[in-house]
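Heads up: the structure comes next, in structure tokens.
The figures that follow rest on heavy atoms only: side chains count, while hydrogens, waters and symmetry mates do not.
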Amino acid sequence: MDLRWNEEQRAILDAARQFGRDAVAPSSAERDRAARFDHDVWKSLAETGFWRAGVPSELGGDGGGLGNYVAALEGLSLGAQDSGFAVTVGAHGSLIQLLARYGTAEQQQELLPGLLAGRVGATAATEPSGGSHVTAVRTTARRVGEDEYALSGSKCHITNAPVADLALIVGRVADVGKRDISLFLVDRDQDGVTLGDNEDLIGLRTSPIGPITLDDVRITPQRMLGGIGDGLQILYWCLALDRLSFGIIAAAQLESMIPRAVERATSREAFGAPIAEYQYIQDKIVQMKVAGETARALSYATLCSLEKGDDQAPTLASCTKLASAQGVVGASLELVQLFGHMGYDRDHGVERQLRDAAAFRIAGGTDEMQKKAIFSQVLAGCRAQS
């Protein structure tokens, strides 16, 4: 298994990192305070060709594999130093990858050009009653004609929802039996679609998150991704990519902490010596490094598994999400501790690391959900071997 980027992917990563440094990072603190998504930055990102990475050339992409897209996401996350913006990018990128992988030729021709050019996409699974437990969704499409359905339900806490032009809705089709989970492609301007306001969160404030309400939204089979009942199979692949993306973004956030922690530890003195000389301070920085490398390595392993299509991808993805979330939260707490009162003061920006990190244990599936998934997969594997 080769966990290194090739020459093409390294160039993609470097270009995305430079864009992040130049276009995203300078206004990041102001956008965090205002909880604002910047459409101009988003359009500029599309103009660089960022979304072409990992999309087949016949669909307008660079012709590379999924690794090209992940390299672009890693580069942007490293340069932007804005986990909220990166999470929004990851949610949009997942929809593009799903359409490129599972969409019909007609869906790809109709929808991908806009998404590559700057229209915003979202994937909506979470509901008020069941959280992100996808098999418990209540959003339902009921047949209302020979070739038409009426889709109704409520989604909550959906990344990109307040600004989404296109949303992939996880729902079920009524009266078709147990295999009914299906995926519906819905435009924001369709009758019956209501996008709610941006939620006022403590962290990831540069990522717009909110509800979607669907009231008898008319859907034809041409706007289903996959067929009736194919939703879970497709969604599991998407969840693995989402969890990989969280690992990449967490690794970038962890990497950004280390220079700041080292500068603080080598310049701050206590009891007549730089605090970097004390092992308990050294341990904080070492743990940041270990957490970052763990998140990155697990993300790469998940990518390799997804590219090969092997059955270990879901397990690796859950391991990636769990380890990266716990690592980035723990490291952020230690960074605030390292800066003392300055770390607690919003004027210094250190506390944002902790606010953004806190979401990683919830968004994209909670730690508890990842543990349940990992245990179930381990148990099934052991039973298969016995």
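Of the candidates Thr302, Ile12, Leu244, Leu306, Leu244 is the only one forming a side chain to side chain contact (heavy atoms under 4.5 Å, CB included) with Val70. Exactly one residue among Ile249, Leu13, Leu45 makes a side chain to side chain contact (heavy atoms under 4.5 Å, CB included) with Leu76. That residue is Leu45.
Counting only residues at least two apart or on different chains, no ring-ring contact (aromatic ring centres under 6.0 Å, His included) pair has a member in residues 158-211. The list of ring-ring contact (aromatic ring centres under 6.0 Å, His included) pairs with a residue in residues 264-283, not counting sequence neighbours, reads Tyr278-Tyr280.
A donor-acceptor contact closer than 3.5 angstrom is absent between the side chains of Trp237 and Gln97. Judged purely by distance below 3.5 Å, without hydrogens or angles, the side chains of Thr320 and Ser299 never pair a donor atom with an acceptor atom. Side-chain atoms of Tyr69 and Glu74 include no donor-acceptor pair closer than 3.5 Å. Checked by atom type, the side-chain pair Asp22/Gln18 shows a donor-acceptor distance below 3.5 Å.
Aromatic ring centres of Phe50 and Trp42 lie farther apart than the 6.0 Å criterion allows.
Summarising the local packing, CD of Glu58 is surrounded by more than 12 heavy atoms from other residues, nucleotides or ligands at distances under 6.0 Å. With a 6.0 Å radius and a threshold of 12 heavy atoms from other residues, nucleotides or ligands, Asp147 has its CG atom above the threshold. Asp191 CG: 12 or fewer foreign heavy atoms inside a 6.0 Å radius.
At least one donor-acceptor pair closer than 3.5 Å links the side chain of Arg205 to the backbone N or O of Arg33. No donor-acceptor pair under 3.5 Å is formed between the side chain of Arg17 and the backbone N or O of Gly75. A donor-acceptor contact shorter than 3.5 Å links the side chain of Arg52 to the backbone of Gly60. For Glu269 (side chain) and Ile275 (main-chain N/O), no donor-acceptor pair under 3.5 Å exists by modelled atom type. Listed for the Glu148 side chain is no donor-acceptor partner under 3.5 Å among the backbone atoms of Arg143. A distance-only check finds a donor-acceptor pair linking the side chain of Asp62 to the backbone of Gly54 [under 3.5 Å]. At least one donor-acceptor pair under 3.5 Å links the side chain of Gln282 to the backbone N or O of Ala276. When atom types are taken as modelled, the side chain of Lys155 and the backbone of Val170 share a donor-acceptor pair closer than 3.5 angstrom. Looking only at distances, a side-chain donor or acceptor of Lys321 sits under 3.5 Å from a matching main-chain atom of Ala363. Side-chain atoms of Glu307 never come within 3.5 Å of backbone atoms of Gly65 as a donor-acceptor pair (strictly under, hydrogens ignored).
Between Asp38 and Arg36, at least one side-chain nitrogen of the basic residue sits less than 4.0 Å from a carboxylate oxygen of the acidic one, meeting the salt-bridge criterion. Salt-bridge annotation for Arg10 and Glu7: absent, with no side-chain N of the basic residue lying under 4.0 Å from a carboxylate O of the acidic one. Salt-bridge annotation for Lys289 and Glu255: absent, with no side-chain N of the basic residue lying under 4.0 Å from a carboxylate O of the acidic one. Taking 4.0 Å as the cut-off between side-chain N and carboxylate O, Asp367 and Arg361 count as a salt-bridged pair.
Looking at heavy atoms from C-beta onward, Glu334 lies out of side-chain contact with Gln287 at the 4.5 angstrom threshold. Counting only heavy atoms from C-beta outward, the side chains of Leu112 and Gln107 never approach each other to under 4.5 Å. Proximity of Asp32 to Arg346: side-chain heavy atoms (C-beta onward) are separated by under 4.5 Å at one or more points. A 4.5 Å side-chain heavy-atom check between Val163 and His39 finds at least one atom pair inside the cut-off. The closest side-chain heavy-atom distance from Val350 to Met342 is not below 4.5 Å. Taking the side chain as every heavy atom from C-beta outward, Ser256 and Gln353 approach each other to under 4.5 Å. Counting only heavy atoms from C-beta outward, the side chains of Asp356 and Val328 never approach each other to under 4.5 Å.
Residues passing the salt bridge (Lys or Arg N to Asp or Glu O under 4.0 Å) test with Asp180 are Arg172, sequence neighbours excluded. Contacts of Gln233 classified as side-chain contact (heavy atoms from CB on, under 4.5 Å), with partners at least two apart in sequence or in another chain: none. Under the salt bridge (Lys or Arg N to Asp or Glu O under 4.0 Å) criterion, Arg264 pairs with no residue, sequence neighbours left out. Scanning for ring pair (Phe, Tyr, Trp, His ring centres under 6.0 Å) contacts around Phe246 gives Phe360, with sequence neighbours left out. Partners of Glu263 under the side-chain contact (heavy atoms from CB on, under 4.5 Å) rule, at least two apart in sequence or in another chain, are Ser267.
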Pairs under 3.5 angstrom only: tabulate donor-acceptor contacts from the side chains of residues 222-232 to other protein residues two or more places apart or in another chain.
{"unit_1": "Gln222", "atom_1": "OE1", "unit_2": "Thr220", "atom_2": "OG1", "d": "3.1"}
{"unit_1": "Arg223", "atom_1": "NH1", "unit_2": "Leu185", "atom_2": "O", "d": "3.2"}
{"unit_1": "Arg223", "atom_1": "NH1", "unit_2": "Asp187", "atom_2": "OD2", "d": "3.2"}
{"unit_1": "Arg223", "atom_1": "NH2", "unit_2": "Glu110", "atom_2": "OE2", "d": "2.8"}
{"unit_1": "Arg223", "atom_1": "NH2", "unit_2": "Asp187", "atom_2": "OD2", "d": "2.9"}
{"unit_1": "Asp230", "atom_1": "OD1", "unit_2": "Arg179", "atom_2": "NH2", "d": "2.9"}
{"unit_1": "Asp230", "atom_1": "OD2", "unit_2": "Gly227", "atom_2": "N", "d": "2.8"}

Per-pair distances, 0.1 Å, donor-acceptor, side chain in residues 81-96, under 3.5 Å, sequence neighbours excluded:
{"unit_1": "Asp82", "atom_1": "OD1", "unit_2": "Gly84", "atom_2": "N", "d": "3.2"}
{"unit_1": "Asp82", "atom_1": "OD1", "unit_2": "Phe85", "atom_2": "N", "d": "3.1"}
{"unit_1": "Asp82", "atom_1": "OD1", "unit_2": "Thr206", "atom_2": "OG1", "d": "2.7"}
{"unit_1": "Asp82", "atom_1": "OD1", "unit_2": "Arg352", "atom_2": "NH2", "d": "3.0"}
{"unit_1": "Asp82", "atom_1": "OD2", "unit_2": "Ser28", "atom_2": "OG", "d": "3.0"}
{"unit_1": "Asp82", "atom_1": "OD2", "unit_2": "Arg31", "atom_2": "NH1", "d": "3.2"}
{"unit_1": "Asp82", "atom_1": "OD2", "unit_2": "Arg31", "atom_2": "NH2", "d": "3.2"}
{"unit_1": "Asp82", "atom_1": "OD2", "unit_2": "Thr206", "atom_2": "OG1", "d": "3.4"}
{"unit_1": "Ser83", "atom_1": "OG", "unit_2": "Gln253", "atom_2": "OE1", "d": "2.6"}
{"unit_1": "Thr88", "atom_1": "OG1", "unit_2": "Asn160", "atom_2": "OD1", "d": "3.0"}
{"unit_1": "Thr88", "atom_1": "OG1", "unit_2": "Ser207", "atom_2": "OG", "d": "2.7"}
{"unit_1": "His92", "atom_1": "ND1", "unit_2": "Gly121", "atom_2": "N", "d": "2.9"}
{"unit_1": "His92", "atom_1": "NE2", "unit_2": "Leu115", "atom_2": "O", "d": "3.0"}
{"unit_1": "Ser94", "atom_1": "OG", "unit_2": "Gly90", "atom_2": "O", "d": "3.1"}
{"unit_1": "Ser94", "atom_1": "OG", "unit_2": "Asp242", "atom_2": "OD1", "d": "2.6"}

Distance-only donor-acceptor pairs under 3.5 Å for side chains of residues 374-386, two or more places apart:
{"unit_1": "Ser376", "atom_1": "OG", "unit_2": "Lys372", "atom_2": "O", "d": "2.9"}
{"unit_1": "Gln377", "atom_1": "OE1", "unit_2": "Thr315", "atom_2": "N", "d": "3.3"}
{"unit_1": "Gln377", "atom_1": "OE1", "unit_2": "Thr315", "atom_2": "OG1", "d": "2.7"}
{"unit_1": "Ser386", "atom_1": "OG", "unit_2": "Arg383", "atom_2": "O", "d": "2.9"}

side-chain contact (heavy atoms from CB on, under 4.5 Å) between Val186 and Leu166, intermediate numbers included = CA-CA 6 Å; Val186 174; Leu166 177 72; 5.9 Å; no
task = May I have the step-by-step check of side-chain contact (heavy atoms from CB on, under 4.5 Å) for Arg243 and Ser318, ending in yes or no?
result = CA-CA 7 Å; Arg243 290 163 185 173; Ser318 290; 3.5 Å; yes
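Grouping Ile, Leu, Val, Met, Phe, Trp and Tyr residues whose side-chain heavy atoms lie under 4.5 Å apart, directly or via other members, leaves Leu316 alone, with no other cluster members. In the hydrophobic clustering (ILVMFWY side chains linked at under 4.5 Å, chained through shared members), Leu201 is joined by Ile209.
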